[in-house]
Amino acid sequence: MASKINTVKGTREFYPEEMALRNYLYEKVGVAARSFGYQEYDGPFIEPIDLYAAKSGEELVKKQSFTFEDRGGDLVTLRPELTPSLARMIAAKQGELTFPARWWSFGPFWRYEQPQKGRTREFFQWNIDMLGVSSPEADAELIAVGANFLRSVRLDPQQATIYVNNRRLMDAEFDALKIPSEKRMDVSNLVDRRTKMEPAKWDAYALELALDQTQLNGLKDVLGNLDLWKKSDELVRLFATLEALGVKEYVKFDPNIMRGILYYTGTVFEAFDNSGSVKRAILGGGRYDNLLEDVGGQPLSGVGFAMGDVVMGIVLQEKGLLPEFIPSPAPVLVTIFDETLIRDSYALAAEFRNAGLNVLCYPEPAKLQKQFKFADKMKARIVVTLGPDEVAKGLVAVKNLVNSEQVTVKRDAALELIKGLLAGA
RNA sequence: GAGCCUGUAGCUCAACGGCAGAGCGCCACACUGUGGAUGUGGAUGUUGAGGGUUCGAAACCCUUCAGGCUCCCCA
């Protein structure tokens with residue numbers, strides 16, 4: 001007995017239905033990106049580990065990446081993110097590219113983590129970035145791309161919201177609270193955790209990090225102040241631009257959004273599903289002003305975000321927003337009446353295909369009832385039958401499964417009739 | 001890397017030491033040249049895998065794999 005080989009933990013098999021969703025997301029992110037003039041690109045799926053070690057915490061890279069030695073003895077890894085590859089690609093052609101550069105990508109990534117709801121070890125991610133400009137208007141554009149995408153998959157602003165904050169603003173507030181610079185990382189983490197912990201525990205944790213009571217009270221005031229954005233010129237301009245771009249209702253200021261990522265310097269944002277079971281961010285990003293220097297380029301600032309397909313898929317599924325799955329790409333089925341007429345049906349189907357139609361044939365003689373049932377299951381819209389009566393008179397029977405009407409027409413007229421029916425409905 | 005929960009028919013689940021079941025789906029027929037509806041009948045399981053306890057294990061114990069929920073992390 002052959003032993004069953006399982007899939008690698010955390011990887012995914014895309015049956016046609018899942019593949020359809022993946023392609024649907026690919027289509028929608030592409031439409032949103034192109035509508036703002038972004039070009040598609042991609043990087044290698046395998047990268048030297050050093051590309052990530054340069055910028056990210058080394059432990060993180062070693063523990064949470066699929067890393068291995070290639071046959072030449074070099075340490076390589078399945079890419080856990082795209083931004084470093086992007087930074088290198090931009091840096092390599094920095095002199096010849098025209099800025100601002102607007103690029104997007106949708107491809108596979110791997111992270112060696114514990115699979116949970118909304119998190120797998122293999123996933124697809126949309127990355128979109130604008131490089132070479134540092135302005136709140138550029139930040140607003142990226143947020144608008146995200147909002148337009150959410151709208152295009154029929155998530156309304158009550159269901160999905162993009163929460164925005166600004167690192168520079170928060171730094172100014174931390175300055176005012178006299179929080180020393182070496183504590184900033186810890187405080188960022190603290191803020192990130194606030195929604196996950198009970199208030200009393202969070203307070204205790206904050207004091208444990210050596211904040212004094214005055215600082216803690218000040219921090220809570222800051223995090224509860226939804227008008228804080230008015231103190232930031234960048235955010236004032238950002239929100240004004242979002243209004244002009246027609247996406248204001250998707251965006252809210254939230255001083256609790258920090259993002260753990262080291263390289264963000266200004267605007268940061270994350271989108272969440274407000275009502276579903278997934279507490280993870282749908283998408284997240286921000287402005288990074290120093291990234292290119294890390295890979296040997298001249299200083300160049302950028303803004304961008306990433307969105308994973310796993311959380312997005314769960315959100316759409318929970319809200320009943322998945323696109324309808326059609327089991328067959330062929331809307332037309334030509335039946336096989338019996339063994340003597342197989343070739344006639346196949347020849348007719350070939351004619352339809354040559355005219356550009358997608359056509360399904362039953363691959364062996366079977367009862368017509370069975371073939372019609374099959375057509376119904378495949379969600380075909382038209383069934384063409386070529387039986388002895390029709391052949392004798394040079395006719396074909398064309399049935400519209402949507403309204404159950406069947407007409408018999410001359411064989412030569414069938415193609416136009418079918419095209420008309422398909423175009424009509 | 002740590003803790004807890006769950007794996008039973010294709011799917012959703014029941015049986016909780018004593019003959020492995022239901023609904024849905026599937027197949028056939030009613031309807032031998034026509035889908036969705038209805039009715040009747042039918043098939044389907046090494047109870048995730050491996051070991052142990054027991055007269056007897058889907059159930060109890062151990063190991064392992066997979067999934068889920070937390071912690072951690074989330075580039």
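Quick note on labels: first sequence line is chain A, next is B, and so on, each numbered from 1.
A donor and an acceptor atom sit less than 3.5 Å apart, one in the side chain of A/Glu390 and one in the base of B/rG33. Side-chain to base pairing of A/Glu113 with B/rC74: no donor and acceptor N or O lie closer than 3.5 Å to each other. Judged by distance alone, with hydrogens and angles left aside, A/Lys399 brings a side-chain donor or acceptor within reach of the base of B/rG35, the pair sitting under 3.5 Å. Side-chain atoms of A/Arg193 stay outside donor-acceptor range of the base of B/rC73, with no qualifying N/O pair under 3.5 Å. For A/Thr335 and B/rG33, a side-chain-to-base donor-acceptor distance below 3.5 Å is absent, hydrogens and geometry of angles not being considered.
In this structure, A/Asp42 pairs ionically with A/Arg79, as a charged nitrogen and a carboxylate oxygen lie closer than 4.0 Å. For the pair A/Arg287 and A/Asp289, the salt-bridge criterion is met [side-chain N within less than 4.0 Å of a carboxylate O]. Salt bridge absent: A/Asp344 and A/Arg411 never bring a charged side-chain N and a carboxylate O closer than 4.0 Å. Contact check on A/Arg184 versus A/Asp175 returns a salt bridge, with a Lys/Arg side-chain nitrogen under 4.0 Å from an Asp/Glu carboxylate oxygen.
Ranking B/rC69, B/rC74, B/rU34 by closeness to the A/Phe372 side chain, first place goes to B/rU34. Closest to the A/Ser404 side chain, of the nucleotides B/rG33, B/rG35, B/rC29, is B/rG35.
Using a 4.0 Å heavy-atom cutoff across all strands shown, A/Gln371 reaches no nucleic acid atom at all. If you check every strand for non-hydrogen atoms under 4.0 Å, A/Phe374 touches nothing. A/Pro388 comes within 4.0 angstrom of a base, heavy atoms only. Using a 4.0 Å heavy-atom cutoff across all strands shown, A/Lys379 reaches no nucleic acid atom at all. Contact annotation for A/Lys117: backbone-only contact, meaning every heavy-atom pair under 4.0 Å involves sugar-phosphate atoms and none involves a base. Note on A/Gly118: nothing from the nucleic acid sits closer than 4.0 angstrom, heavy atoms only.
Counting only N and O atoms by type, the side chains of A/Glu141 and A/Tyr38 include a donor and acceptor under 3.5 Å apart. In this structure, a donor-acceptor pair under 3.5 Å is absent between the side chains of A/Thr267 and A/Glu234. Counting only N and O atoms by type, the side chains of A/Gln116 and A/Arg280 include a donor and acceptor under 3.5 Å apart.
The separation of B/rG18 from B/rU54, taken at their C1' atoms, amounts to 12 Å, rounded to a whole angstrom.
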Structure string for RNA chain B in dot-bracket form, Watson-Crick and G-U at under 3.5 Å, | interchain: (((((((..((((....[..)))).(((((.......))))).....(((((..]....))))))))))))....

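Residue-to-nucleotide proximity on RNA chain B shows that, of A/Tyr112 and A/Asp389, the 5′-proximal contact is made by A/Asp389.
Straight-line distance from the CZ atom of A/Phe109 to the P atom of B/rC74: 18 Å, rounded to whole Å.
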